[in-house]
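Residues: numbered from 1 along the sequence shown.
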Amino acid sequence: MSMQSDGFGPNPNVPPPTSTGSSSALKWVLGILAGLGLLTVLCCGGCFLVAKFGLDAVGTQVAEQVKDDPVIVEHIGNVESVDMEFIKTSQYQQETGDSDVMVFTIRGDKGSGTLKGGKTGPNQMGGFVLEKDGQEYPLSE
């Protein structure tokens, strides 16, 4: 009798398949996916940090520009921070139809408010209005 399979059972001359090959391939695929995921997180995190530093620089520039304005001195006091507000900026841009306007939260030792302004030149903001307690106060600069 020959050792060939008759179609009803395994051929005894052929070793049964082992799961180590597919398990090893699966580990490689999962390892590659994990590596790509980590790379994506690092890239997005890096982009976010670069954007945050850039916006912090804009906030610092705006703070320096408005800190001595009489309206700011009266209602905000000594400026402690100016932070750009992404969502409020987007909403304000839609309301005004002007893609160059920005909205900031400004904080000082006398309180906080919302500072809205637009681009007046290359890397230059102006036309600021302070909103505090439901009132608007145009800045004099």
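Shortest non-hydrogen contact noted between V129 and E136 is CG1-CB, 3.9 Å. In terms of heavy atoms, V79 sits closest to A63 at CG1-CB, 3.9 Å.
The 12-atom threshold is exceeded at CD of E80, counting heavy atoms of other residues, nucleotides or ligands nearer than 6.0 Å.
A 4.5 Å side-chain heavy-atom check between M84 and V103 finds every atom pair outside the cut-off. Under the 4.5 Å side-chain criterion, counting only non-hydrogen atoms from C-beta, V62 is in contact with L115. Looking at T114 and L130, their side chains never come closer than 4.5 Å, going by heavy atoms from C-beta outward. Between E64 and K67 the shortest side-chain heavy-atom distance falls below 4.5 Å.
D69 contributes atom CG, which lies 13.5 Å from atom OH of Y137 (distance to the nearest 0.5 angstrom). In this structure, CD1 in I106 is found 9.5 Å from OG in S112, a value given to the nearest 0.5 Å.
Evaluation of the salt bridge (Lys or Arg N to Asp or Glu O under 4.0 Å) rule for E74 yields no partner, not counting sequence neighbours.
A continuous path of Ile, Leu, Val, Met, Phe, Trp and Tyr side chains, each step under 4.5 Å between heavy atoms, connects V71 with I76, placing both in one hydrophobic cluster.
For residues 103-121, the salt bridge (charged side-chain N to carboxylate O under 4.0 Å, His left out) pairs, not counting sequence neighbours, are D83-R107, K116-E131. Among residues at least two apart or in separate chains, side-chain hydrogen bond (donor to acceptor under 3.5 Å, both in side chains) pairs with a member in residues 84-104 are E85-T105.
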Practice task
Begin from the C-alpha positions of T60 and V82 and carry the test side chain to side chain contact (heavy atoms under 4.5 Å, CB included) through to its verdict.
Solution key: CA-CA 7 Å; T60 301; V82 177; over 6 Å; no
